[in-house]
J.: 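Quick one: the structure is below, and I'll ask about it shortly.
The first residue in the sequence is number 1, and the count goes up from there. Both backbone and side-chain heavy atoms feed into the values below; hydrogens, waters and symmetry mates do not.
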Amino acid sequence: DGEIQLREVTVFDRQVQQDFLSLPARDVIFYSPETSGSLARSISPASDLYAVGVLIFTMLSGRPPIEATSASNYLDRQLCFEAPRLRELGLNIARTLDDVVARLLRRDPSDRYESATGLLHDLIHVVVSITSAQAVDSFAIGTRDVRRSLTESAMVGREREIETIQGGLEDARRGIASLHVITSAEASCRRNFVDEISLRAKAQGIQVFRGTASVGDPKPLQSLEGVLSHVRSRCNNDSDLAQRIAAATHEHAATLSELCPALSTLWHKLSDPTGPDEYGSRRAAVALESLLTTLASESEGVTFLFDDFDLADELTRTVVQSMIERVRHPAQPLSLCIVVSGESTRRLGVPSSTPSIDLGPVSEASLELHLQSSAGQISDVITRSIIEVAAGSTSMASAILRRMIDQGVVTPSDQGWIAKGPLAETLQGDASIAELLERQLGALSEPARETLAAAAALGPQFELSMLAQVTGTPYA
């Protein structure tokens, strides 16, 4: 009836030593990591805003941000993993609303909204945009927040590029294959953009298979591990899909089972690979191409994303380039959108005639929004001084602002960030982002650098106990 009803009230006496571990998971979902004591941070307004994020997330998705079997399990997972994005769960909602909820639920309170005023401004904009059927995705969240620390900025200035990709996603659902090449000299810029493509595709019910290359000398198929892992997960949850894949790839069953043992249960009978051993790589490429083509025949649409394709292993490059040729010269309808990203089209090795989306410098207006989304309210003097030297680079702008804060020439106040010293010196001496980062890393202690290196090797998500074991750091 459009009315909000209070279904249940749980009251905790903070004077009583409550054993959180004995509670059911549903009784602790509104507790932020610092409120429960899992994270050694002070309780602040951001702790209450975390609960607001849980409320909105649960109302929109019908489930808590982190699913767990008990309070103990919930608190442990809450400390190790960020909550999933709403669009990642398949909810076709506005990007801005997704960004707002994600920021509310950040594990570290310094990454969340720090003022209810800033949150209210963004929520009002979302509501007005939705009710008036206006575009909301170009809005940058957090610009009216009053912060004492920086957080990740919303993506700004890429609306035209995103619309191009959106067209490819819509084509995939109609059985029309497309290829999109994303280039940028800044790796973080490329990855943020591909992250957004992934979320958009999932929100529209399109299956996403993502492969990522690694720096160094990659082992064969390392760049396809993420794709094959997702194939295995989907087959485990969808027996009909598993049967379709098994039937379509039975000629390559032995080869695929050898390449990905976890998929071997798909085929009841395996024949020995045929052909001389020297053709093993070619045989593997043909088998994998058959698997990916079968996935691309699904009517719901499929998106293959390959980050840093210019660094991919040779076998992955062979397979993906064969798929690219299928897109360029289709012999059958494919509900497929392929996105490859890298530093340049030359290094990616795609046909020179392939159109590319270059994520070059953004406009001054977009750069200003980027800074405000990360820092909240900030003095015009600081903003203009950064824009003048950042040359449209969001990464450079963020690095310069962080250095200004580290050196104490920019400080927080009740009205936002203000200049407390000469800004000129902090704007000189670094010709690239690499030099800025090298300077910042050099200021860290040796144990801090070792921990960062270990975390980078473990990947974007890992258990804290694993990091402690790798670094030799005590972990309770």
J.: Do Arg317 and Phe309 form a cation-pi contact, if we require the NZ or CZ to be under 6.0 Å from the six-membered ring centre and within 45 degrees of the ring's axis?
T.: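 Yes, a cation-pi geometry.
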J.: Salt bridge or not between Arg384 and Asp380? Use side-chain N to carboxylate O under 4.0 Å.
T.: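 Answer for the salt bridge query: no.
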J.: Using 4.0 Å as the upper bound for N to carboxylate O, is an ion pair formed by Asp310 and Arg346?
T.: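 Between Asp310 and Arg346 there is no salt bridge, as every charged N stays at least 4.0 Å from the carboxylate O atoms.
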J.: Given salt bridge (charged side-chain N to carboxylate O under 4.0 Å, His left out), test Glu67 with Arg63 step by step and report yes or no.
T.: CA-CA 8 Å; Glu67 295 184 314; Arg63 49 154 284 185; 3.7 Å; yes
J.: Got a salt bridge between Asp111 and Arg103, using NZ or NE/NH1/NH2 to carboxylate O under 4.0 Å?
T.: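 No, this pair does not count.
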J.: Just by distance, do the side chain of Thr35 and the backbone of Tyr31 share a donor-acceptor pair under 3.5 Å?
T.: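 No, because the side chain of Thr35 does not come within donor-acceptor range (under 3.5 Å) of the backbone of Tyr31.
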J.: What do the steps show when you test Thr316 against Asp313 for side chain to side chain donor-acceptor pair (under 3.5 Å), and what is the final call?
T.: CA-CA 5 Å; Thr316 296; Asp313 60 275; 2.8 Å; yes
J.: Is any side-chain N of the basic residue among Glu196 and Arg200 closer than 4.0 Å to the acidic one's carboxylate O?
T.: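 Looking at Glu196 and Arg200, the cut-off is met.
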J.: Can you name the nearest heavy-atom pair linking Asp145 to Ser115, along with the distance?
T.: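 Nearest heavy atoms, Asp145 then Ser115: OD1-OG, 2.6 Å.
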J.: Checking side-chain polar atoms at under 3.5 Å, does Ser42 have a donor or acceptor matched by the opposite partner on Glu34?
T.: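 Note: Ser42 and Glu34 side chains miss the donor-acceptor criterion.
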J.: Please confirm whether the backbone N or O of Ala46 pairs with a side-chain atom of Arg112, one donor and one acceptor, at under 3.5 Å?
T.: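 Yes, because the side chain of Arg112 sits within donor-acceptor range (under 3.5 Å) of the backbone of Ala46.
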J.: Charged N to carboxylate O below 4.0 Å: is that the case for Arg41 and Asp108?
T.: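 Judged by the 4.0 Å cut-off on N to carboxylate O distance, Arg41 and Asp108 do form a salt bridge.
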J.: Considering all heavy atoms of both residues, which atom of Arg210 and which atom of Arg191 are nearest to each other, and what is their separation?
T.: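 The pair with the smallest heavy-atom distance is NH2-O, 3.9 Å.
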J.: Would you please classify the geometry between the His125 ring and the Phe139 ring as parallel, tilted or perpendicular, with 30° and 60° separating the classes?
T.: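 The rings of Phe139 and His125 lie parallel, inter-plane angle below 30°.
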